[in-house]
Amino acid sequence: MMDQNLRLKLSICTDPVLVEPISDFLLGVTESAVEIDVADQDGRQYLNAYLAEADMEEGRRRQIILQIGAYLSELAKIFKVSEPSLAVSEYAEEDWGSNWKKHFIPFAIVPGLVIAPTWERYQAAPGEQVIVMDPGMAFGTGHHATTSLCLALVREVVERGGGSRVLDVGTGTGILGMAAALYGATRVLAIDNDPLAVAAASENVARNDLATVMEVSAAALEKVAGGYTLVVANIIHDTLLEMAGALARLVEEGGALVLSGILQGEQTENIVHCFSGLGFEPVRIDRLAEWSALLLRKGKG
Ligand SMILES: C[S@@+](CC[C@H](N)C(=O)[O-])C[C@H]1O[C@@H](n2cnc3c(N)ncnc32)[C@H](O)[C@@H]1O
């Protein structure tokens with residue numbers, strides 16, 4: 001057992017090509033604050049990640065380190081570069097808040113849309129949209145590749161007039177639904193089966209003055225009624241396949257379905273195959289790091 005109030009610090013030295021996918025993973029999956037140093041003389045880059053979770057049991061600590069180590073080896077194989085080195089140390093809690101805050105700074109997740117933390121007074125530039133939220137409440141502060149891939153497709157659909165009724169399935173922090181509302185959607189329903197995510201998204205919707213457009217609910221997908229012009233779901237591949245029938249039913253004829261949480265290759269092919277069988281045509285597949293996001297259209301017209 002570790003001492004009270006200690007957190008893990010991971011120091012990773014890597015080929016620069018892996019910096020982005022490693023940061024995405026650490027921010028999105030382990031909710032770490034990540035600091036990236038400039039390249040050293042040998043051309044490698046150094047990342048320090050400060051994990052949010054404190055006082056881990058030894059078993060959990062070992063599991064996290066193994067998971068991250070396995071992910072680093074997998075990435076090195078995919079990108080055909082040498083495996084990153086990983087060193088683990090501990091640091092005291094007082095440092096964490098300031099590290100987290102130092103590294104969660106306003107950033108444009110897609111051009112024209114900035115995610116800003118609640119403790120910053122961010123001054124939007126003309127024409128810029130801003131979503132204000134705290135990190136670490138639920139998945140989806142916009143640092144994960146799948147979130148930014150979905151945002152670009154949501155914007156495409158809504159700005160082309162497909163945003164009269166939007167359903168955000170697995171909303172996390174509410175980021176995709178809130179972005180749809182800012183891009184001009186007139187009604188948004190956001191659902192999640194994690195009560196912490198529902199609480200976080202509700203708070204974010206209120207904080208961003210979007211409650212007149214966007215509703216957040218813990219309702220199960222099977223209980224949702226009606227036809228939507230756009231349904232977006234950034235959830236893992238296996239869950240998307242389980243949900244396929246319900247998702248397909250909720251998209252109106254001619255409407256759009258945006259899916260991510262899907263790895264490139266076999267998972268992407270499975271999803272295209274499954275939704276083709278349900279009457280959807282793939283319109284666009286975007287890729288970032290090892291992830292894909294799909295825009296599908298229901299029916300032929
Ligand atoms: C990868 S996160 C995506 C969060 C956010 N939409 C984004 O794009 O950043 C997936 C979310 O789906 C939720 N989720 C997983 N299975 C679900 C299900 N069966 N029904 C509703 N939500 C689900 C999780 O609780 C989590 O908040």
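Only this structure's heavy atoms are used, side chains among them; waters, hydrogens and symmetry mates stay out. Order of appearance sets the numbers: ligands from 1, and atoms from 1 within every ligand.
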> Between atom OG1 of T173 and atom CD1 of I115, what is the distance when rounded to the nearest 0.5 Å?
Replying inline: 7.5 Å

>> Can you tell me how far apart OG (S89) and CG (L10) are? Round to the nearest 0.5 Å.
In response: 8.0 Å

Give the numbers and elements of all ligand 1 atoms closer than 4.0 Å to a heavy atom of [X].
X	answer
G170	3 (C), 4 (C), 5 (C), 6 (N), 11 (C), 12 (O), 13 (C), 22 (N)
D194	25 (O)
L176	6 (N), 8 (O)

>> Is the contact between D192 and ligand 1 made by the side chain, the backbone, both, or neither, using heavy atoms and a 4.0 Å cut-off?
In response: both

> Is there side-chain contact between S217 and L189, with at least one heavy-atom pair below 4.5 Å?
Replying inline: yes

> With side chains defined as the heavy atoms from C-beta onward, is the minimum distance between I65 and L86 less than 4.5 Å?
Replying inline: yes

Heavy-atom contact under 4.0 Å between [X] and ligand 1?
X	value
T171	yes
M243	yes
I175	yes

> Would one find an N or O of N234, backbone or side chain, under 3.5 Å from an N or O of ligand 1?
Replying inline: yes

> With hydrophobic residues grouped by side-chain heavy-atom distances under 4.5 Å, do V154 and L257 end up in a single group?
Replying inline: no

>> Can you tell me which residue among L153, D168, T171 is in a side-chain contact (heavy atoms from CB on, under 4.5 Å) with L176?
In response: D168

